[in-house]
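The structure under discussion appears below in the form of structure tokens.
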Amino acid sequence: MAPTRDQTHPGAPRDLKRRLIVVQDALSPCPYIDGQAARMPLHYSLAEMDGLDVDRLLETGYRRSGEFVYVTRCPHCQECLPTRLPVDRFKYTRGFKRVYNRAQRELTWTWAEPVVNNDRVAMYNRHRAARDLSHGGGPIVADDYRAFLIDSCFPSLELSVYRDGQLVAVSIMDVGARAVSAVYTHFDPDASRFSLGTLAVLLMQRWAAEQKRDWLYLGLFVEQNRHLNYKSRFRPQQRRIHERWVDIAAE
């Protein structure tokens, strides 16, 4: 059944609805929970978005993939919960301190405009293969990488992490006026002892604090998915449940 007018841009601020057009809205196998059907309406913006637009879409549960934004509207499941951290109340555990202190001793990092090259594509493919994230697909090429991470309707930055001058991790982060959003992190499996996924979140939180942002969005939390439930370790946090942001207290 085709979506009604009210379902076309669920939750989007009214003025942004006029700028978003639906390019895909159909049921498909859920990429996060086996046996579930997923509905994630995909939208394209007719105009460039600024930081305020980013904030308002993130606030209402939207995520970005390439030049598109999407939101979960699955018919029989509500396990995908948008998750965000209040930047100024973030708690460093002993484990987080160890990760950050080791990185300070042995790694370097930079923030810059996102780019695509052979090193990044090769590392992306190694990361996906090592963590069983390819979902049966083969390696991607530069055009795929560009479409997923570089082409963007949001202002974005790239975090690049190096060890002895060699690239070991990349994280793409969208930048709003009051918030930032982690889009995707990939890293060299041979450098996994540095807990690079955790480090990327810590570095994004520090960037957000230095730049006076209020929120760091971590994407979707799914309890049943081992690739997404790690986000529960970052506290305190909020999850969007039944269209409301709910506090998840620090442990």
message: So for atom CZ, which belongs to R193, do other residues, nucleotides or ligands contribute more than 12 heavy atoms lying within a distance under 6.0 Å?
response: yes

field: Over all atoms of both residues, closest heavy-atom pair of Y217 and A179
entry: CE1-CB, 3.6 Å

query: Does I248 belong to the same Ile/Leu/Val/Met/Phe/Trp/Tyr cluster as F234, with side-chain heavy atoms less than 4.5 Å apart forming each link?
result: no

message: Let me confirm one number: the SG-CD distance from C80 to Q224, rounded to the nearest 0.5 Å.
response: 9.5 Å

Contacts of type side-chain contact (heavy atoms from CB on, under 4.5 Å), residue E158, not counting sequence neighbours: P114, V115, R120, S160, V170, I172

query: If you take all heavy atoms of L159 and A200, which pair is closest and at what distance?
result: CD2-CA, 4.1 Å

message: Looking at every heavy atom in both V168 and L196, which two are closest together, and how far apart are they?
response: O-CD1, 3.5 Å

- request: Taking S45 for its side chain and H43 for its backbone only, find out whether a donor-acceptor pair lies under 3.5 Å.
  value: no

Side-chain donor/acceptor of S65 to backbone N/O of F68, under 3.5 Å: no

- prompt: Salt bridge check: are D55 and R178 linked by an N-O gap of less than 4.0 Å?
  reply: no

query: For the atom pair CG (D143) and CD1 (I150), what is the distance rounded to the nearest 0.5 Å?
result: 12.0 Å

- line: W245 and L58 have their tightest heavy-atom pair at CZ2-O, 3.8 Å

- prompt: What residues form a side-chain contact (heavy atoms from CB on, under 4.5 Å) with P86, not counting sequence neighbours?
  reply: D88, R89, W215, P236

query: Can you name the closest pair of heavy atoms from D151 and R64 and give their distance?
result: O-NH1, 3.5 Å

message: Looking at V87, is its backbone amide N or carbonyl O close enough to the side chain of Q205 to form a donor-acceptor pair, meaning the two atoms are under 3.5 Å apart?
response: yes

task: Report yes or no: does Q36 contribute a side-chain atom to a donor-acceptor pair with the main-chain N or O of C74 at less than 3.5 Å?
output: no

- request: For the pair D188 and R163, find out whether any cationic side-chain nitrogen is under 4.0 Å from an anionic carboxylate oxygen.
  value: no

query: Could R240 and E59 be called an ion pair, given the rule that one side-chain N must be under 4.0 Å from one carboxylate O?
result: no

task: Indicate whether the side chain of R63 and that of S181 have a donor and an acceptor atom separated by less than 3.5 Å.
output: yes

Greater than 12 external heavy atoms within 6.0 Å of E48's CD: no

Test side chain to side chain contact (heavy atoms under 4.5 Å, CB included) applied to L199 and F194, step by step: CA-CA 8 Å; L199 177 64; F194 291 104; 5.7 Å; no

query: Distance-only, no hydrogens or angles: does the K231 side chain make a donor-acceptor pair with backbone N or O of L218 under 3.5 Å?
result: yes

query: Crowded around N117 CG? As in, over 12 foreign heavy atoms under 6.0 Å?
result: yes

- prompt: Taking 4.0 angstrom as the limit, do E243 and R73 come out as a salt bridge?
  reply: yes

- request: Please determine, by modelled atom types, if R233 and T198 share a side-chain donor-acceptor pair under 3.5 angstrom.
  value: yes

field: Verdict with reasoning, F154 to V183, per side chain to side chain contact (heavy atoms under 4.5 Å, CB included)
entry: CA-CA 11 Å; F154 287 174; V183 177; over 6 Å; no

field: Heavy-atom neighbours of Y44 OH exceed 12 at 6.0 Å
entry: no

message: Applying a strict under-4.5 Å side-chain criterion to I, L, V, M, F, W and Y, I'd like to know whether M204 and V54 cluster together.
response: no

query: Does atom CG of N101 have more than 12 heavy-atom neighbours from other groups under 6.0 Å away?
result: yes

- prompt: For R102, does the CZ atom sit with more than 12 other heavy atoms under 6.0 Å from it, leaving out its own atoms?
  reply: yes

- request: Mind listing the closest non-hydrogen atom pair of A169 and F187 along with its distance?
  value: CB-CB, 3.7 Å

field: Full working for side chain to side chain contact (heavy atoms under 4.5 Å, CB included) between V175 and R213
entry: CA-CA 9 Å; V175 181; R213 265 47 176 199; 3.5 Å; yes

query: Should H186 and R128 be marked as a side chain to side chain contact (heavy atoms under 4.5 Å, CB included) after you check the CA-CA gap, both sets of side-chain angles, and the distance that decides it?
result: CA-CA 8 Å; H186 57 287; R128 299 277 285 183; over 6 Å; no

message: For Q104, is the CD atom crowded, meaning more than 12 foreign heavy atoms sit under 6.0 Å from it?
response: yes

query: Is the side chain of N125 donor-acceptor paired with the backbone N or O of I140 at a distance under 3.5 Å, no angle test?
result: yes

